[in-house]
Amino acid sequence: EVQLVESGGGLVQAGGSLRLSCAASGIAFDDYIIGWFRQGPGNERDGVSSIVTTDSSTYYVDSVKGRFTISSDNAKNTVYLQMNDLRPEDTAVYYCAAASSLVNRRWILYPYDYEDWGQGIQVTVSS
């Protein structure tokens, strides 16, 4: 059984930082794609950042480039999302997701190929 458990969310002031963690079990972690998605009130679930654990390739949506950093610790089966310079528009429920393969890496920040999802964690940035 695949389990993805997010932690590290919370309330922070604009300009602050948070680090999200996604602990995975039940998958071949070092041969997977792990992504972070977010969904704000009334919005669709959008891709934020993804990492290919086999080669550590990383991908970011334009709005978080230079502020967020994704990394993986394959020994701990955990992916981290370091979020700096947070803005009110970053407020959302953040989800960790796992994909065993991708049809095309062009779609790595889209949810289509992600088979398993965590329960989500709230991140709130106050102005």
Side-chain angles (χ1 to χ4, degrees):
E1 179 187 2
V2 178
Q3 282 194 321
L4 302 170
V5 180
E6 301 100 336
S7 61
L11 172 65
V12 65
Q13 288 188 330
S17 299
L18 286 173
R19 188 177 80 157
L20 303 183
S21 299
C22 173
S25 60
I27 62 173
F29 187 84
D30 58 359
D31 191 22
Y32 252 72
I33 303 98
I34 306 295
W36 285 99
F37 294 78
R38 65 186 179 188
Q39 188 167 16
N43 295 334
E44 296 185 349
R45 193 170 297 187
D46 296 321
V48 176
S49 181
S50 294
I51 186 166
V52 180
T53 59
T54 50
D55 60 13
S56 297
S57 299
T58 58
Y59 303 82
Y60 300 92
V61 68
D62 286 346
S63 61
V64 307
K65 286 180 180 177
R67 301 188 298 123
F68 291 12
T69 303
I70 192 170
S71 62
S72 69
D73 185 336
N74 289 11
K76 295 183 178 180
N77 284 12
T78 300
V79 168
Y80 304 98
L81 185 67
Q82 178 67 44
M83 306 186 294
N84 298 329
D85 189 23
L86 282 160
R87 304 167 181 170
E89 54 264 39
D90 296 317
T91 294
V93 176
Y94 284 70
Y95 297 89
C96 171
S100 57
S101 63
L102 295 171
V103 173
N104 190 312
R105 284 200 186 190
R106 290 180 58 190
W107 309 111
I108 197 168
L109 292 177
Y110 291 82
Y112 312 130
D113 291 326
Y114 290 85
E115 302 141 333
D116 298 287
W117 294 78
Q119 79 285 357
I121 192 163
Q122 180 69 44
V123 171
T124 302
V125 184
S126 63
S127 57

task = Could you give me the CA-CA distance, side-chain angles and deciding distance for Val48 and Met83, then say whether side chain to side chain contact (heavy atoms under 4.5 Å, CB included) is met?
result = CA-CA 11 Å; Val48 176; Met83 306 186 294; over 6 Å; no

ask   = side chain to side chain contact (heavy atoms under 4.5 Å, CB included) between Asp90 and Arg67: does it pass, once the steps are laid out?
value = CA-CA 11 Å; Asp90 296 317; Arg67 301 188 298 123; 2.8 Å; yes

key: side chain to side chain contact (heavy atoms under 4.5 Å, CB included) between Ser57 and Arg105, intermediate numbers included   = CA-CA 10 Å; Ser57 299; Arg105 284 200 186 190; 3.4 Å; yes

request  = Decide side chain to side chain contact (heavy atoms under 4.5 Å, CB included) for Ser17 and Val12; before the verdict, give the C-alpha distance in whole Å, the side-chain angles of both, and the deciding distance to 0.1 Å.
outcome  = CA-CA 7 Å; Ser17 299; Val12 65; over 6 Å; no

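Between the OH atom of Tyr60 and the OG1 atom of Thr69 there is a distance of 4.5 Å, given to the nearest 0.5 Å. Separating the CG atom in Asp113 from the CG atom in Asn104 is a distance of 9.0 Å, to the nearest 0.5 Å. Note that CD1 of Ile34 and CD1 of Ile51 are 9.0 Å apart. Values are rounded to the nearest 0.5 Å. Summarising the geometry, atom OG belonging to Ser56 is positioned 6.5 Å from atom CG belonging to Asn74; distances are rounded to the nearest 0.5 Å. The OG atom of Ser101 sits 6.5 Å away from atom CD1 of Ile33, with the distance rounded to the nearest 0.5 Å. For the atom pair OG (Ser71) and CD (Gln82), the distance works out to 8.5 Å, reported to the nearest 0.5 Å.
When ring centroids are compared, Trp36 and Phe68 stay outside the 6.0 Å threshold.
Across Tyr114 and Trp117, no two heavy atoms sit closer than the pair O-NE1, 3.3 Å. In terms of heavy-atom proximity, Ala92 sits nearest to Gly40 at CB-N, 3.8 Å. Among all heavy-atom pairs drawn from Thr78 and Ser21, the shortest one is CG2-CB, 4.2 Å.
Looking at Asp116, its side chain never comes within 3.5 Å of a backbone N or O of Leu4 through a donor-acceptor pair. Checked by atom type and distance alone, the side chain of Thr53 pairs as donor or acceptor with a backbone atom of Tyr32 at under 3.5 Å. Side chain of Ser50 to main chain of Ile108: a donor-acceptor pair is present (N/O by atom type, distance under 3.5 Å, no hydrogens or angles). A donor-acceptor pair is defined here as one N or O able to donate and one able to accept, closer than 3.5 Å; no such pair exists between the side chain of Tyr95 and the backbone of Glu6.
Ring geometry, Trp107 versus Tyr110: the interplanar angle exceeds 60°, so the pair is classed perpendicular (tilted spans 30 to 60°).
No continuous path of ILVMFWY side-chain contacts below 4.5 Å connects Leu11 to Val93, so the two sit in separate hydrophobic clusters. No continuous path of hydrophobic side-chain contacts links Leu20 to Val5 [ILVMFWY only; heavy atoms under 4.5 Å].
By the 6.0 Å and 45° rule, Arg19 stacks over the aromatic ring of Tyr80.
The pair Asp62-Lys65 meets the salt-bridge criterion, with a side-chain N (NZ, NE, NH1 or NH2) lying under 4.0 Å from an Asp/Glu carboxylate O.
Exactly one residue among Thr91, Val64, Val123 makes a side-chain contact (heavy atoms from CB on, under 4.5 Å) with Arg38. That residue is Val64.
Between Ile70 and Tyr59, the closest side-chain pair of non-hydrogen atoms is not below 4.5 Å.
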